[in-house]
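Note sheet for the following structure.
Counting convention: from 1, in listed order, for ligands and their atoms alike. These values consider heavy atoms only, across backbone and side chains, with no hydrogens, waters or symmetry-generated copies.
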Amino acid sequence: MSHQLIIVLDFGGQYNQLIARRVRECGVYCEVWSHKTDIAKIAEAKPAGIIFTGGPNSVYDEKSPHIGKEIFELGIPILGICYGAQLIAYTLGGTVQTCTVSEYGKTETCYDRSSVLFGGTDGLPESAVSWMSHTDYVAKVPDGFRITAHTKDCPAAGFEDADRRFYAVQFHPEVNHTQYGIAMLYSFVRGICGSVGDWTMSGYAKTAIEDIRRKVGDKKALLALSGGVDSSVAAALLARAIGPQLTCIFVDHGFMRKNEGDEVENAFKDFGLNFVRVNAADRFINKLTGVSEPEQKRKLIGEEFIRVFEDEAKKIGAVDFLAQGTIYPDVIESGLGDAAVIKSHHNVGGLPDYVDFKEIIEPLRMLFKDEVRALGRELGLSDVLVDRQPFPGPGLAIRIIGEITREKLDILRDADLIFREEIANAGLDKKPDQYFAVLTNNRSVGVMGDGRTYDYTLALRAVTTSDFMTADFAPLPYELLGKISARIVNEVKMVNRIVYDVTTKPPATIEWE
Ligand code: XMP
């Protein structure tokens, strides 16, 4: 694929992926590389620019990641962020010291707009808020540099050598809290590096389709489709490329939400691929009879998934390619592309090693989640699939506390649908990042008409989160909660009490099991 490249050199910063995402938002392709990468390899890639990330270390710590001076001799523009800024100063002969006052959080910052970086930053005033997080600071900038920004406690919040095209900021432009931060990155990648903005999902789709065709030729490929965003978009892309040479196996384990299995099937019916839906609900429910321990449930579902997939794959016979919906964050987290990353497990439990295939293809391997969604739209996938919130591989089986029965599955499906409908009616369907119902195994006394009931308690869970590692409960309006509660107890049999989960993660998790 020929498009310009920006390399984000990772020095261990917590925002490395965010920087890359922001650069791509500027329409410029960008990859995160390890700081250990050979400088010759960097030169060979001919990037339009290089960004040094932040990092938790001090440049004076011998064990902290450093970079050879030669990188500054390539004639390529460089932007250093936080630790990256200190590294530029340190490597080129400036001085870095421990702050007398560390800065953390939103910080009023003064900019010199005669700077090339800040002068090219659309709308930037002389003073605005930036996001700081540092305990070292640049006390003296290297020869040839001039200071272009400062704060009350940081004399060199920005500095640059415009002749050699080296730029540095002590703050984090990639974080939303930095006002005009994205515009600063835009100024660097589009202005200073001269990138033309040739990274679009329509362009990606076109070249990815050509690449897949070239690679697969007239051979066959197999994909395990879960109905989640990644595998769905991978299926759509492969379908465009190789159509009937692709077989997608969709294992419906019977723990999908209401109508979900049919939705997935319908979404792919016009894609010209071979779609195999395996209705394996009986197999799964039989396996889980009498099982109530969460880990045991997950394990059994994972194992059974493999068995079902294997049975179906055998019917198809040997294939040359096994396709997977691995995305870029998985690649970065598993070693920055240093090693070949083969995501060997499906989110349910693990793909069988023993399915007979020669090679893996991962057409989304270089895409971030928001790009995967944009690509899905580009390929004509419906919003239902593209905007799907995360859904755990084991499905509703881990949203029914204790033993699973068909009756409980029906109760949960109906209640969960009402919850989702009302969230959508309130126009909040894009607000909480995830929301769902949980059927507890608690029963309590209630009164319905003139009669006593002894029915289930159903919990509603809605969270806001950016990374799903931590989460807040969503502050849904009481009125809305009241409406959902009234509908569920009236419309769903055997539920007489609704509770709203108001726990953050940690200490709770998002799912209940
Ligand atoms: P927890 O419950 O660990 O969930 O806070 C974090 C996120 O992961 C999803 N989740 C899963 N996703 N397979 C998946 O693909 C699983 O087994 C699984 N378990 C939890 C959960 O829905 C939430 O978005």
Salt bridge (charged side-chain N to carboxylate O under 4.0 Å, His left out) evaluation trace for Arg399 with Glu511: CA-CA 7 Å; Arg399 292 179 180 169; Glu511 303 287 347; 2.8 Å; yes

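Relative to atom 11 (C) of ligand 1, the option among Ala471, Gly302, Pro392 with the closest non-hydrogen atom is Pro392. Closest heavy-atom approach to atom 23 (C) of ligand 1 within the set Met469, Gln434, Arg399: this belongs to Gln434.
Set against the non-hydrogen atoms of Gly393, the atoms of ligand 1 under 4.0 Å away are 13 (N), 14 (C), 15 (O), 16 (C). Every atom of ligand 1 is numbered from 1 in the order shown, and the set under 4.0 Å from a heavy atom of Phe468 is 6 (C), 24 (O). Close approach of ligand 1 to Pro394 (heavy-atom distance below 4.0 Å) involves ligand atoms 16 (C), 17 (O). Which parts of ligand 1 touch Thr509 is read off a 4.0 Å heavy-atom cut-off, strictly below it: atoms 1 (P), 2 (O), 5 (O). Those atoms of ligand 1 that come under 4.0 Å of a heavy atom in Lys505, given as number and element, are 1 (P), 3 (O), 5 (O), 6 (C).
Using bins of under 30°, 30° to 60° and over 60° for the plane-to-plane angle, the ring pair Phe271/Phe268 lands in the tilted bin. Between Tyr204 and Trp199, the two ring planes are perpendicular [angle over 60°; tilted spans 30° to 60°]. Using cut-offs of 30° and 60° on the angle between ring planes, the pair Tyr328 and Phe368 is perpendicular.
Pairs engaging residues 489-500 under the salt bridge (Lys or Arg N to Asp or Glu O under 4.0 Å) rule: Arg487-Glu491 [sequence neighbours left out].
Among the atoms of Pro390, none of the N or O lies under 3.5 angstrom from an N or O of ligand 1. Checked by distance only, ligand 1 and Ile510 come closer than 3.5 Å through their nitrogen or oxygen atoms.
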Residues 233-250 side chain polar contacts: donor-acceptor under 3.5 Å, at least two apart:
{"unit_1": "Arg240", "atom_1": "NH2", "unit_2": "Leu379", "atom_2": "O", "d": "3.1"}
{"unit_1": "Gln245", "atom_1": "NE2", "unit_2": "Gly217", "atom_2": "O", "d": "2.8"}
{"unit_1": "Gln245", "atom_1": "NE2", "unit_2": "Lys219", "atom_2": "O", "d": "2.9"}

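Ion pairing between Arg213 and Glu210 fails under the 4.0 Å rule for side-chain N and carboxylate O.
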